[in-house]
Each structure stands twice: as structure tokens, then as C-alpha cells.
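Some notes on the structure that comes next.
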Amino acid sequence: MAFEILPAIDVAGGRLALHTPEGPRPLGAFGGDPLAAARAYAQAGARRVHVVDLDLAFGGTFENLAVVGAVAAMGLQVQASGGIASRAEAQRALSAGANRVVLGSGVLLDEDEARAAIEALGSSAIVGIEVDAGRIRPRGRLEGDLPLTETLGWLVASGAAGFLVTAVARVGAMTGPNLDTVRRIVRAGRPVFAAGGVGSIDDLRALRRAGAVGAVVGRAALEGGIDLALALASLGV
């Protein structure tokens, strides 16, 4: 099976940004233009991109759905993310042009809503699992944390189509992924994508060996730490 590499476009106020604990910080790559980044990704061979609405993640309102639509209009598939915390938010992203959404870890704080969203969205949604120190810790506008093993148990029982596991402390750091956490979540028996810390093609190979079916590559793709065309040719699509 090909390993899916999803270059990421984090957007705040319609411009490229970097997620930090204090909130979004502007990025100068591609002149700050998310569509220029998307075009470069397409030229490198990407078929799907991961678009993160940081305004939604931190402020609770969609501000960048037009970017989702514009990227989809290029012929790229879009995985929309950014703290999507309800069925209604997920449907808005899908209606804007995304073909897959990531339900943010915040939705897990309301188990009934999470179960309903998983059932309603089916294979068009995967569940974000943001992990820090062995706990699920939603970032951005929602507070609280959850035990990892027990939460994975009811998510699998609810029919979750897959997971995006993010190593919170490594986001934007390019210091390597948290392979132990990825292996732990792979054992739940659902497809697992990984994010956070990816800084090289070797990191991607390590994630594939750990059982992940794909990875989100953020800062390393934007700032040239990873040759995206080479990574796609070497590992899959």
C-alpha cells in the first residue's frame, strides 16, 4: 500500500501561518500565499493537501473556507482541519470543497456529539488525536484532556474510520515524530495518519515502519526541509 503524504497549509486570515502555543504566527514561505503553496505541492505530485483553519482552531469561527474551495478547484483533494468540533462545522468544510475532514480532539470532550458525528460523517471523517505526555490534550479554543486508551476504545466501538495522531509538543519543531505513540494507536486497528515533528524523509520512512498509513508534513514542506517531490516518489502518494 502506498504511504500517503499530505503537505499541510495552515491558514490564518487567509495567509500562511504557523501554529504556536500563543496562537498563529505568519509564515513568509511562498510570500505567505496559501494558494501558491498548494500549486507548488501539486507540481511536486501531491494529490491531497491538509488545510488547517487556524482561525477556527483558536477563535471558533471559520475564516478560511474560501481557501479550501480554491485549493479543491485546482483539482487537489482537501483534508480540512483546524479544531472542527461538531457535525455542523464538518459539513461546512465538506460543502466548501473538502472531501475529508478531521474531527478535532475538542469534539471528544462531548462523547455523544463525537459518536453522532462519526456515525453521520462515515468515511468522510477521521478523528484527530492530539497527544501530549500520554494524554489527549485539545489545542486552541477548548480546554480539558482525556485518557488515551479508554478514549480510543469507545472511538473504535463507535466506528471511527481512522485517526490523525498529532504529537502536540513537536508541532512545527521538525525534531522527529513520536513513534511510540503512533505504534500505540496503530494497535487500535484503524488507519493512522501522523503529524507533528516530521522533518525528513527518514522520519516518513520511520512512520511507515511504525504502521502509519500516511503523514501530514507541515513546516518541512513549506520551508524546504523535505524535498516533497522526492518524498512522494520514494514513499507513495
Side-chain angles (χ1 to χ4, degrees), residues 1-8 19 48 50 52 57 79-85 90 100-111 113-119 121-140 142 144-218 220 231 235-236:
M1 176 186 292
F3 183 84
E4 186 175 11
I5 299 171
L6 294 90
H19 185 292
R48 192 196 309 264
H50 180 76
V52 183
Q79 176 173 285
S81 184
I84 294 172
R100 186 162 72 202
V101 298
V102 179
L103 292 170
S105 288
V107 75
L108 306 181
L109 301 174
D110 183 341
E111 187 172 333
E113 173 61 23
R115 289 180 182 274
I118 288 167
E119 180 179 0
L121 297 167
S123 61
S124 63
I126 59 175
V127 179
I129 303 290
E130 298 178 296
V131 180
D132 187 29
R135 302 276 294 181
I136 298 175
R137 301 186 192 277
R139 295 172 293 168
L142 296 168
D145 65 356
L146 293 165
L148 180 56
T149 300
E150 292 87 339
T151 305
L152 286 174
W154 65 256
L155 284 170
V156 170
S158 299
F163 300 112
L164 171 61
V165 53
T166 299
V168 171
R170 305 186 189 209
V171 170
M174 299 186 290
T175 53
N178 188 328
L179 298 174
D180 289 341
T181 298
V182 170
R183 293 188 190 100
R184 182 177 176 185
I185 296 177
V186 164
R187 289 196 291 270
R190 292 290 188 273
V192 172
F193 297 85
V198 175
S200 69
I201 293 178
D202 284 343
D203 288 339
L204 295 171
R205 292 191 178 106
L207 284 168
R208 184 173 63 177
R209 290 194 298 269
V213 300
V216 172
V217 182
L235 288 156

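- Atom CG in L121 sits 9.5 Å away from atom CD1 in I84 (nearest 0.5 Å).
- When every heavy atom of V186 is checked against every heavy atom of A212, the shortest pair comes out as CG2-N, 4.1 Å.
- Taken from CG in L207 to CZ in R183, the straight-line distance is 9.0 Å, to the nearest 0.5 Å.
- One distance of note links CZ of R190 with CD1 of I129; it measures 12.5 Å at 0.5 Å rounding.
- Going from atom CZ of R208 over to atom CG of D203 covers 13.5 Å, rounded to the nearest 0.5 Å.
- Note: I126 CD1 to Q79 CD = 4.0 Å, rounded to the nearest 0.5 Å.
- Exactly one of V156, I118, L152, T151 qualifies for a side chain to side chain contact (heavy atoms under 4.5 Å, CB included) with V127. That residue is I118.
- Scanning all heavy atoms of the two residues, the minimum distance from A114 to W154 falls at CB-CH2, 3.7 Å.
- In this structure, L148 and I185 have side chains that are in contact, with non-hydrogen atoms separated by less than 4.5 Å.
- For the pair E4/V213, no side-chain contact is recorded, criterion being any heavy-atom separation below 4.5 Å from C-beta on.
- Salt-bridge annotation for R115 and E111: present, with a side-chain N of the basic residue lying under 4.0 Å from a carboxylate O of the acidic one.
- Here R170 contributes atom CZ and N178 contributes atom CG; the two are 4.5 Å apart, rounded to the nearest 0.5 Å.
- Judged by the 6.0 Å and 45° rule, R48 forms no cation-pi pair with F193.
- Nearest heavy-atom pair across A161 and P191 is O-CD, 3.3 Å.
- At a threshold of 4.5 Å between non-hydrogen side-chain atoms, the residues E130 and D132 do not count as touching.
- You'll find the side chain of R135 reaches within 4.5 Å of the side chain of P147, heavy atoms only.
- The closest donor-acceptor contact from the side chain of S81 to the backbone of V52 lies at 3.5 Å or more, if one exists at all.
- Contact of the L146 side chain with the L109 side chain is registered, since non-hydrogen atoms from C-beta on lie closer than 4.5 Å.
- Nearest heavy-atom pair, L179 versus A210, reported as atom, atom and distance to 0.1 Å: CD2-CB, 4.3 Å.
- T181 pairs with exactly one of T166, V192, V165 by the side chain to side chain contact (heavy atoms under 4.5 Å, CB included) rule, that one being V165.
- Counting all heavy atoms, side chain and backbone alike, A231 lies closest to I5 at O-CD1, 3.5 Å.
- Listed here is the closest heavy atom pair of G218 and A8: CA-CB, 3.8 Å.
- Using a 3.5 Å distance cut-off with no hydrogens or angles, the side chains of T149 and R184 do pair a donor with an acceptor.
- A heavy-atom distance below 4.5 Å is found between the side chains of R100 and L6.
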